[in-house]
Amino acid sequence: MSTADTTPTPTPSAPVRIIASPQSWIEGEAVRQLEAVARLPGMRLAVGLPDLHPGKGAPVGAAFTSEGILYPYLVGSDIGCGMGLWDVGMLARKAKAERWASKLDVEGAWNGDVEGFLAEEGVKSTGFEASLGTVGGGNHFAELQRVEAVHDAEAFASLGLAADRLLLLVHSGSRGLGEAILRAHVDRHAAGGLAADSAEASAYLTRHDHAVAWARANRALVARRMLDGIGAPGRRVLDVCHNSVTARRDARGTRWLHRKGAAPADEGPVVIPGSRGALSYLVAPLGDGTGSAFSLAHGAGRKWTRTAARERIKERFTAESLTRTSFKSHVVCENKDLLFEEAPPAYKPIDRVVTDLVEAGLVRVVATLAPVLTYKTRSHAE
DNA sequence: ATGTTC
């Protein structure tokens, strides 16, 4: 017997995999966003990492692979955003955190030779150079850290690191550049994708790749300004991008790997930071990456929205008290709203996120890093 | 996230 089926055919979904233990609380909205992305044309795999949380349309803490079509809106506006780690080249016990907290200033355009700096980094200028070497807003920061514990001495030493030296972790992106690139795309295509073999995809990818390189140079200049401020040399240990789309070619053809708040698992060790009042984890990826879209968590993940964090944290803490943490570290954040929005209770516990990655066989911990001074922003009232 | 935002 045949029956007329009047129900619409469900859009076939790509597999969805969420790498998180039941102890990692993940908002339902983030899961719904992940599932919605998995139903987009061409999608082949959607992976949520343990720091998965809702974003604007698409979730953050996720990686997606597609075939034949790529989606600029999944990368978002901060193309190239990522984490760079520097060996400060100074003993941690020589740190003058209180003095540095009153003095460090990386606001506004750098007064050095920006064009020369970009040339050294091998990056073309963009018209956004007044922002080059600035941290930006939101969850971006530059943080001096000490080594709390070394768990894998060999891997730690192979990065040229020493347990008694300060480190500098820089989280920033492409500032207004990436936003301009996404806006130009969204003006024409909204959330729509681009056929991978189209001229528009090539044009987007060229601009995207430039923003990724510029963002990396931005982190390098933020680091240089911080290092100049404390009078230390500094050496870049690693630098990885967690917002990007890249081509991966294998026997099946080309896959487009979108990372939205997801660190790469195929570029060596990475740092997964907690909140400014928590440890950060230096981890080494394990496994072949195929089940996790070659990606890792990129941080603790937000527990409270910015609005909720402002309200709840204002009730419990004074702004002054938030300039120090349970690690006795210093916080430079002269924007009060931002000080509340980014306070440690607004974030999930980073140890749970990293434990989930360890238990999933995706990383081993090389070292834990404790905050000494977190630089967010210095206000420049006239 | 945002040379933001009138």
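Chain identifiers are assigned alphabetically (A, B, ...) following the order of the sequence lines, protein sequences preceding nucleic acid strands; residue numbering begins at 1 within each chain. If you're wondering where the values come from, they're calculated on a predicted model, not measured in any experiment.
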Touch class at under 4.0 angstrom, heavy-atom based, for R183(A) against every strand present: nothing
Whole-Å gap separating C1' (dG3(B)) and CH2 (W214(A)): 10 Å
Rounded distance (Å) that lies between atom C1' of dT4(B) and atom NZ of K56(A): 12 Å
Plane angle bin for W214(A) and F128(A) - parallel if under 30°, tilted between 30 and 60°, otherwise perpendicular: perpendicular
Nucleic acid contacts - residues 120-143 of chain A versus DNA chain B, non-hydrogen atoms under 4.0 Å: G127(A), F128(A), G136(A), G137(A), G138(A), N139(A), H140(A)
Interatomic spacing from CD1 in I313(A) to CG in L322(A) - rounded to 0.5 Å: 7.0 Å
Side-chain (K336(A)) to main-chain (A319(A)) donor-acceptor, under 3.5 angstrom: no
Any residue meeting ring-ring contact (aromatic ring centres under 6.0 Å, His included) with W110(A), in chain and number order, not counting sequence neighbours: F117(A)
Test item: H298(A) side-chain N/O and G261(A) main-chain N/O as donor-acceptor pair under 3.5 Å: yes
Atom-pair distance (CG on D337(A); C1' on dT4(B)), nearest Å: 14 Å
Presence of R175(A) side-chain N/O under 4.0 Å of dG3(B) phosphate oxygens OP1/OP2: yes
Separation of F64(A) CZ from R259(A) CZ (nearest 0.5 Å): 12.5 Å
Separation of dT2(B) C1' from L338(A) CG (nearest whole Å): 13 Å
Rounded distance (Å) that lies between atom C1' of dT4(B) and atom CG of D78(A): 14 Å
Distance in angstrom units between E107(A) CD and dT4(B) P, rounded: 15 Å
Rounded interatomic separation in angstrom, taking CG from N335(A) and P from dT5(B): 15 Å
Touch class at under 4.0 angstrom, heavy-atom based, for G176(A) against every strand present: sugar-phosphate
Euclidean distance, atom CG of residue L182(A) to atom P of dT2(B) [Å, nearest integer]: 13 Å
Residues in ring-ring contact (aromatic ring centres under 6.0 Å, His included) contact with H210(A), at least two apart in sequence or another chain: none
